[in-house]
Number of protein chains: 2
Amino acid sequence: MLAGVELRHVRVFAAVARAGTVVGAANQLGLAPASVSEQVRRLEGGLGVALFERTLQGMRLTAPGQALLERAHGLLDHADEVRRAVTGQRRRISVGALEMPAATRRPASTSST
Amino acid sequence: MLAGVELRHVRVFAAVARAGTVVGAANQLGLAPASVSEQVRRLEGGLGVALFERTLQGMRLTAPGQALLERAHGLLDHADEVRRAVTGQRRRISVGALEMPAATRRPASTSST
DNA sequence: CAGAATTACGCGCAGCGTAACAATT
DNA sequence: AATTGTTACGCTGCGCGTAATTCTG
């Protein structure tokens, strides 16, 4: 699928890129190495490019891999920020100007149903 | 899951929000209404908030739903931009400043679809 | 043998469609 | 009846784990 850029894949990719090895990423993610390997393969298949160069010492980023790595965190952060904004978990952003209005429009977490 | 913000869900959500109805979104997406309904339900479950208010005339955005809608396109665009950057499909973005460098590194528009 | 990744196999859940259903106009 | 959304059911594929395999130092 060309829509194959799923955030889950990107998260796994970022972990592998950072750890340098599949097993290391698997440990950090709490997953099995086989699962991580599969995720990377699917992401590569979905994108149509090779993200890593498989060496005997681990996974080394290719050029497209580096391009993705540079953008992965930004995208993941973006997604996480959206999630927080929607769920209402502002998490003390240093905006300051919202303190007074916030007292009036307290969203009460979950609503009906 | 807190990691429940998958891009597929957001795409479906955006379509529903734009169409106003599940069936309309399903047509636009080429999916069955049941699938769309399920996607929305899962997204809501993953986020823990109600995104729509089910009326007999269609789906009306709730406050969190509007919050997501305002950010959905940005996130999807971001993801798409990352995908293009990684695969090398620049596709004439109106950035302007890239025109000259682009002439040097024309990536030959890889196979799509 | 130790460490790396991959493959093979099985299980459970998610995604999808079709069909049937409930509710309102 | 026609519209909407949902549920039920079944199928396919993904995500995941465990175990086995391959390759190099």
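Letters go in sequence order (proteins before strands), and every chain restarts at 1.
- Shown here are the side chain to side chain contact (heavy atoms under 4.5 Å, CB included) partners of B:Gln28, two or more places apart in sequence or in another chain: B:Arg18, B:Ala19.
- Protein atom CG of B:Leu31 is 16 Å distant from nucleotide atom C1' of D:dT6, rounded to whole Å.
- Residue A:Phe52 is not grouped with residue A:Val23 when hydrophobic side chains (ILVMFWY) are merged at heavy-atom distances under 4.5 angstrom, including chains of intermediate members.
- Here A:His78 pairs with B:His78 under the ring pair (Phe, Tyr, Trp, His ring centres under 6.0 Å) rule; sequence neighbours left out.
- Taking atom CZ of A:Phe13 as the reference point, atom P of D:dG15 lies 16 Å away to the nearest angstrom.
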Quiz item: What string of B, S and - do you get for nucleotides 4-15 of chain C 5' to 3' if you count protein non-hydrogen atoms under 4.0 Å?
Solution: SSSB------SB
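- The main-chain N or O of B:Glu53 is never found under 3.5 Å from a side-chain atom of B:Thr62 such that the two would form a donor-acceptor pair.
- Between the CG atom in B:Leu29 and the CD atom in B:Gln39 there is a gap of 9.5 Å [rounded to 0.5 Å].
- One interatomic measurement links the two molecules: CZ of B:Arg60 to C1' of D:dT4, which rounds to 14 Å at whole-angstrom precision.
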